[in-house]
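A, B, ... follow the sequence lines: proteins, then strands. Residue 1 opens every chain. Just so it is clear, the values below take in all heavy atoms, side chains as well, and ignore hydrogens, waters and symmetry mates.
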Amino acid sequence: MLAHIIQNLPQVLIDGLTLGVVYAVVAIGYTMVYGILELINFAHGDVFMTGAFMGAIVLFLLMGMGFLAALPAILVFIIVIVIAAIATGLLGVGIERVAYRPLRKKNAPKLIALITSIGISFVLEDLVRFIAELKTGNYIVTAPPMFNHKFTLNLHSALPFFNNATFQSSFLLVLIVTIIMLIALDLFVNKTKWGMAMRAVAQDRDTASLMTINVNRVISVTFFIGSALGGATGVLFMIQYGTIDPYIGFVLGIKAFTAAVLGGIGNIRGAMFGGVMLGLLEMFAASNLSIITHGAMGAEYKDVFAFIILILVLIFKPEGLFGKAVVEKV
Amino acid sequence: SPKSGGSNGKTVIEIGSQSPLSGGSATLGDAIRLGAKLAIEDRQKEFEKKGFQIKLKDLDDQGDPKKGVANAQILASDKDVLAVVGHLNSGVAIPSSEVYNKNNLAMVSPATTATVVTDRKLPTVNRICARDDFQGPAGANFAVKTLKAKKIFVIQDKTAYGSGLAEQFRDQAKKLGAEIVGYEGITVGEKDFNGVLSQAVAKKPDLIYFGGVYAEGGLIIKQARQKGFDGPIMGGDGLDSSSTVQIAGDSVKGVYLTSVAGDVSKTEKGQAFAKKYKKEFGKNVESYSAYGYDAAGVILEGLMKAIDGNDDKKPTREQVTKAIRSVQNYDGVTTKVSLDDKGDNKYAKVYIYNFAEAKYPPVQKAEISQ
Amino acid sequence: MTSLSAFFEKIAQSKKNQSILFLAYVIVTGAGLFLLPDSTIAFLLLLFSILILYYLNLNLRAKWVTGIVILAVVVPFIASFSDSYQTYMEVGTLVGIYCAMALGLNIVVGFAGLLDLGFIAFFAVGAYTYAIFASDQASKFMPFGHYPLSGGAFWIFIFIAAIVAAIFGILLGVPVLRVRGDYLAIVTLGFGEIIRILLNNMDHPINITNGSMGIASIAPPNFFGISIGSSNQFYYIAFAIFLLVIYVVRKLEYSKLGRAWKAVRDNEIAAQSMGIPLVKTKLAAFAIGASFSGMMGVVFAAKQMFVDATSFTYLESTMVLVMVILGGMGSVPGVILGAAVVIILRTQVLTNISNWLSAMSSNYGISIPPALSPEKMQLLIFGILLIVFALYRTQGLIPHKNRKVDVAALKKESEQAALKREKTASGGADS
Amino acid sequence: MNILEVKHLTKEFGGLTATSDINMTVEKNAITAVIGPNGAGKTTFFNMITAVYQPTSGDILLNGKSLVGLKPHQVSQFGITRTFQNIRLFENMTVLENVLVGMHQNLKSHWIGTLLQLPHIRKIEEDARVTAYDILNYVGLENYVNENAGNLAYGAQRRLEIGRAIAAKPKVLLLDEPAAGMNPKETERLTNLIHDMRTKLDVTIILIEHDMNLVMKISDSIYVLDHGELIASGKPNEIRNNKKVIEAYLGKGAVSNG
Amino acid sequence: MAEVSNHFLEVKKIDSFYSQIQALEGVDLYIDKGEIVTLIGSNGAGKSTTLKSISGQVRPKNGSIIFDGQEISKFQAHKTALLGIAQVPEGRRIFPRLTVRENLQIGAFSVKDKHVIAERMERVFNYFPRLKERLNQKGGTMSGGEQQMLAIGRALMMKPKLLMLDEPSMGLAPIIVEQIFDIIKEMNEEGMTILLVEQNAYQALQIADRGYVIQTGQIVLDGNGDELMKNEQVRAAYLA
Ligand SMILES: Nc1ncnc2c1ncn2[C@@H]1O[C@H](COP(=O)(O)OP(=O)(O)OP(=O)(O)O)[C@@H](O)[C@H]1O
Ligand SMILES: Nc1ncnc2c1ncn2[C@@H]1O[C@H](COP(=O)(O)OP(=O)(O)OP(=O)(O)O)[C@@H](O)[C@H]1O
Ligand SMILES: CC(C)C[C@H](N)C(=O)O
Ligand SMILES: [Mg+2]
Ligand SMILES: [Mg+2]
């Protein structure tokens, strides 16, 4: 039994990492917005999805204009991801304007924003579906294959207890790009004044504005960054998995949100870690649960497994893995 | 208040239709609706002669059981609706048909294959396609006997349809002596199936079987190929769609599928149908277009009988239900229909297809009758 | 202009005038529905009378009686002349079911301040509890007994399910107590998903829930020999449970327990320091809230005659939450209105709008590409409506207001009590 | 008779010792003041008595029974309630309800009884409202009965905290800077109130306060903390002239005006 | 019609509301450059609301506020702050999860020059050595009085033209209270204009050039510090 699990480990790690970094970046979007508004932005998963579709549109446009064949793939990729990221970033800012800022002005209870975010989420899903269906007749969109060169990690010959593992070049791309994004963001938040302003706004908006901080601007920037990252991740997702539909955001959103909480919501490094860990856990469960339980439980229980681990973590560390316990001064 | 004022004073009879017009399998659902529409148009004259006007009341079940049930309520409460063409998905048909049955409303399904649909022996529930305990084992026979698969890995999507089919396949394959090296479930709506697939590939099976629909199936095919699995992959009627090819791309080569829908282009009658369909709606026929047409045909056949048996007056739902169930040797464009006491079609067939190239439709390999 | 408003003011001030006008409204809309039996608008206008009633300046008991009479007698009676009778009653049943559920969630979220994103799990537990024993599913794993149970068991199962759901509520509560705020949200979400996945997979090794095939052919309830199968009958069951739930919620809201919930919501540390046990109080909220859902789960299963896990997704949980927040957190009438609005929108109005749009397009020969066909726009319209509601009613449709006590009366009582104390202190010498 | 006894009470936060080895005995029905510079550990001391924090070491005895290890609500049920330096009201409840919550532990009304509409339970609730009104009257908030607690001005919130605390009928009442945010006139009224509570409610009072006029006027004895340590204790007059206390805390002109 | 004013800050007839409830009714006051002005009044009179209206946290419905020649009553709070108005809010309002150092840094958010920040911080440490000892402690875990020091220090980091203090002595030990008043004087001598709300009316009036008395949302009295201190009404109502 153990031998089986170990054999497969390299492949599980690779697959888990791929999914995990995607979770991680989307989780960061949740965590950033949460960190600043204490609001679970249910629409964020759909922002990610919209990013994927925007990427697809740009890609198809480039293809239609013949650039795809003419330019090196990596250049096409950069154009696509940058355009999609900026567009989704702006979308995020727009969502904030329409759905959250008016509520802030009216001093509405925090949870009411949950409703607008759910509303936005429905609207985005349906709009994207309309457009996709209008153009292609089916809302499941398959992107032209890119970066699908196959690599085999020849582990078996060196370490006989491992099986060989395979991956595509898109895996490397996803990994490199997300790591760049994560590091850049971490620097931005921890090393610039913006980061401190964000945290101050998060903790006490009124007082932050007394400190000459333009609260609305800080919030807009936060939404821009979070959404742009989400959109860029959408593009990565499209390239890695090839197929997207308007509901990928819903499914992935729940997971990413879970990852954000697992790491300690509001904490950016926590979200990164939570995402990767969730991806690995899920992949591990999907490929090993039935081996471990002798068939009593199969891959279909992978989410149960992930959620149980999450609950256990939170029971023992209620503030998430990276969150610091906030001792309330009484 | 019956809407008796149809055009030129004819009594209106409505036929309901429920299928997913939005959602992942909207293409198939729309095909059913359009097929039914065409059937009604084709026979409208006959009914007009008797003083009736037939209308189609088409609703979108969104592939969602709750929506299906809610719609079923709407249909049931409309007294002019005397029968329903539908559903595409077994998961929707099962709860919805509980409502139909409560209201004596006959349903004829063109596409639901799960065994439970008719095994409940509800007098109102009928279908014209094959059952999964025919389709699944047929696939297993082909996999084990023709493709010589000894080790099989089964994946299913945990829906009423997918797991029912996969179970039937598995049991028959086992019976035939194949070893089932894995039996795993996936989650509908996800895109990453690498976890299950790395387990599958590690077990080095001769064949991977998938019980489910193309949205996931296409990706499973693609990701299995990426993992270096080049053996045959097999599935059921859920993969019988052009979308499978779209999603899986080149990886679709070497995929086999069983379907309960025959290729209309094989017969002259079918070709004529396809042409007319194209002319009318500007679309190519999908696998279930003709089944929608035939399901509606069966209903109209029954309806006519009921009218005849009721002195040319508008029949009751009970009469229509009985008349439909008694339809025998109805000759449709794609299948002959004789309903048995459960509501299953004696003439239903299973077809086996193979994708030799990344092109839809695939090549027919076999046609199996009961 | 001014005289008109003065006129209205005068009407508004007189209870008699109000009642007369209200009666007139009911009669007019009732007649409307009678004459236009298939008009959803007439149906909704009639239902709207309940909302008007809520705002009338009448004695509370009179309002209750009138409301119950309208909902239990007037509406069903008039609707019964319509072809859409069963549809109307189906909508009514669903409204009843979801109102009760939303009221349950309101205890958890609105009163106790615990964000719960997996509330539908308790509904599922209730539904499966009945489904398993009222179909032959139970015989697949139970060593004893004859299944399906007869339809008479339904009534007992309403209470069994309440208890089972309450137990699940406590099961959820125990681990959850350590986590706070939005961490709680994710734990409850996880719990909801775990329950759903379990229900969808427990067909092996032992077949308890029949897995993804769901449980079909659930026995209809039986009321003194009458088999209950149609919506107009379920309507009364749902209505009765709904009334029970309102009663419980109303009584609890201003009880010691209700105050403890709100205190915990507002400030945990201060609440504890006032002698409120956190654990017990929170668990009570989970358990009581869950039990309402459990009861309605039974009704749902009996009505559908089929259950499977797809009815209990995370989206359903958020829908119940939407009802609570949209209606006005902590506000009982608000939550009821929220539930009614969401259900009616989703089951009736949106369908009607889209049917109407399709009819328009075919009547006027406007061809709409299938991607844009109105029946597919329901979610979009719903989403936009949610945003609009939220932006314009930030505190909810009927915002929560703390109940105000009659200070003058209190003062009087207090003075009397003081007098009495004095008298007893002085030995009751005089008088 | 000693009602409360504190023995060697120590609390550490990481490397920081907030209170260290504090001993204190409080006589029944006395008014005791705890004073000391900012950050001396006074609030921490209260937090340990009310079980909001668990002490690192030491013991707290109420009528000879140890309170260490109990939950905050249990301590309250044993008879110790408090007010908070950073006001902690139930902001979305009315002023009256805040007081009713304070009465929570003394109300014998089970929710099942409420549901069954048992007459004696209704009576309990009605009486409770009258009592709550009396308390509001007592602390001078009778005009704000139906107001949301969160909308009160700062000073009124402080008085509501006191009202809520006495509603719990404590044996020992802990007041953390009750006069903060009150002007001298209001402080004077508060002083009278505290005096009155001691006699009328038969309660033992421990208070933290930086307003020396108040402290010197009403305390029977004063404990002085500095850097977590007890540096002096005694009668107001002794403390007023204690060199250490003047140096660390009072400064030159603290008690002069008034 | 542009509003003009000869004063450094002039508040003209403002009405402020909390949703429906009116908290200020035609409040009129002014401050000249270099003055210390104090605002006294009983609980709930509207002192805090007046400060919040000036700083832009509450937007007055009517009336105008002119600061340094500019109409600011419609400004967002951060804009007002950028003009050089700092407020030490009631109840301290330090950022609980930022460290002491970060709390101070954020006070100087609009300052770019690191040296200037460092200098100002040194100065704050001079006043409140306790803050230097606790540089990395989270603001929220400081004691009440320590937080108050932090809040004042944070406002000083901004080096404002007008400093508004809402009950700065609240919760501070007597010895620190004395110091706070010394700091206020010192700042004022360096040219900072000060608006002080205090319950400790005696001390406030002692250092103030002028004072206003506010009652249920209206200014009812004004005059220089000595006058007010001698005023019978004031003595009866606010000075025990
Ligand atoms: N949760 C905590 N974590 C870390 N340090 C703490 C915590 N709570 C209190 N402290 C520190 O312990 C010391 C004592 O704090 P405490 O609140 O008891 O002071 P205090 O005497 O009440 O002061 P004040 O008069 O200013 O309210 C302070 O230096 C404070 O910073
Ligand atoms: N957030 C609020 N919502 C509603 N009313 C409020 C709010 N804040 C203050 N008020 C009311 O406005 C009035 C003025 O309050 P304000 O806080 O300005 O008084 P203050 O003079 O600062 O009193 P204190 O000395 O107690 O701090 C009071 O009657 C108070 O009840
Ligand atoms: C389209 C098909 C996947 C439908 C399937 N035969 C079912 O029964 O659900
Ligand atoms: Mg303190
Ligand atoms: Mg104030």
**OP:** With a 4.5 Å heavy-atom cut-off (strictly below), which parts of residues 327-338 of chain C touch chain A? List them by number.
**Re:** C:M329

Subject >> Per-residue contact mode, A:L124 against chain C (heavy atom under 4.5 angstrom) >> reply: neither

Original post:
Would you call A:K255 and C:E193 a salt bridge, taking side-chain N to carboxylate O under 4.0 Å as the test?
Top reply: no

Subject >> Which portion of A:F316 sits near chain C, non-hydrogen atoms under 4.5 angstrom >> reply: backbone

Original post:
Within a strict 4.5 Å, meaning less than it, do heavy atoms of the C:F123 and C:V320 side chains meet?
Top reply: no

Original post:
Counting N and O atoms only, with roles assigned by atom type, does the side chain of A:D46 sit under 3.5 Å from a partner on the main chain of A:M49, one being a donor and the other an acceptor?
Top reply: no

Original post:
Taking A:N107, A:I254, A:I118 one by one, which has the highest count of heavy-atom pairs under 4.5 Å against chain C?
Top reply: A:I254

Original post:
What parts of residues 389-397 of chain C touch chain A if we use heavy atoms and a cut-off under 4.5 Å?
Top reply: C:A390, C:L391, C:Y392, C:R393, C:T394, C:Q395, C:G396

Original post:
Is it the case that more than 12 heavy atoms not belonging to A:R269 sit under 6.0 Å from its CZ atom?
Top reply: no

Subject >> Ring centre gap for A:Y34 and A:F257 strictly below 6.0 Å >> reply: no

**OP:** For the pair A:F273 and A:F322, name the ring-plane relationship: parallel under 30°, tilted 30 to 60°, perpendicular over 60°.
**Re:** tilted

Subject >> Presence of salt bridge, A:E38 and A:R205, under 4.0 angstrom >> reply: no

Subject >> Validation row: C:D116, C:L172 side chains within 4.5 angstrom (heavy atoms) >> reply: yes

Original post:
Relative to chain A, which segment of C:L117 carries a heavy atom at a distance below 4.5 Å: side chain, backbone, both, or neither?
Top reply: side chain

Subject >> Whether A:Y100 and A:F223 hold their rings parallel, tilted or perpendicular, with breakpoints at 30° and 60° >> reply: tilted

Original post:
Is it true that A:E300 and A:K302 have a side-chain N and a carboxylate O under 4.0 angstrom from each other?
Top reply: no

Original post:
Between C:I384, C:V324, C:L386, which shows the greatest number of heavy-atom pairs under 4.5 Å with chain A?
Top reply: C:L386

Original post:
When the ring centroid of C:F122 is compared with that of C:F168, is the distance short of 6.0 Å?
Top reply: no

Subject >> chain C interface, residue from A:L314, A:L103, A:V98, A:I308 that has the most non-hydrogen pairs under 4.5 Å >> reply: A:L314

Original post:
Looking at C:V179, C:L315, C:L379, C:V109, which has the largest count of heavy-atom pairs under 4.5 Å with chain A?
Top reply: C:L379

Original post:
Are side-chain N/O atoms of C:N402 and C:H400 paired as donor and acceptor at under 3.5 Å?
Top reply: yes

Original post:
Would a 4.5 Å heavy-atom cut-off, applied to side chains only, mark A:M297 and C:N201 as touching?
Top reply: no

Subject >> Per-residue contact mode, A:L114 against chain C (heavy atom under 4.5 angstrom) >> reply: side chain

**OP:** Go through the atoms of A:F42 and report whether side chain, backbone, both or neither lie under 4.5 Å from a heavy atom of chain C.
**Re:** side chain

Original post:
Using non-hydrogen atoms only, which part of C:L184 is less than 4.5 Å away from chain A: side chain, backbone, both, or neither?
Top reply: neither

**OP:** For chain C, find which of A:L262, A:L312, A:V304, A:I311 contributes the most heavy-atom pairs closer than 4.5 angstrom.
**Re:** A:V304

Original post:
Hey, mind stepping through C:R403 and C:E253 against salt bridge (Lys or Arg N to Asp or Glu O under 4.0 Å) and telling me if it holds?
Top reply: CA-CA 10 Å; C:R403 182 187 276 180; C:E253 185 180 3; over 6 Å; no

Subject >> Under 3.5 Å donor-acceptor, C:Y183 side chain and A:I265 backbone >> reply: yes

Subject >> Interface moiety of A:I40 toward chain C, non-hydrogen atoms closer than 4.5 Å >> reply: side chain

Subject >> Side chain / backbone / both / neither for C:M319 at chain A, heavy atoms under 4.5 Å >> reply: side chain

Original post:
Under 3.5 Å, side chain of A:S121 to main-chain N/O of A:S117, donor-acceptor pair present?
Top reply: no

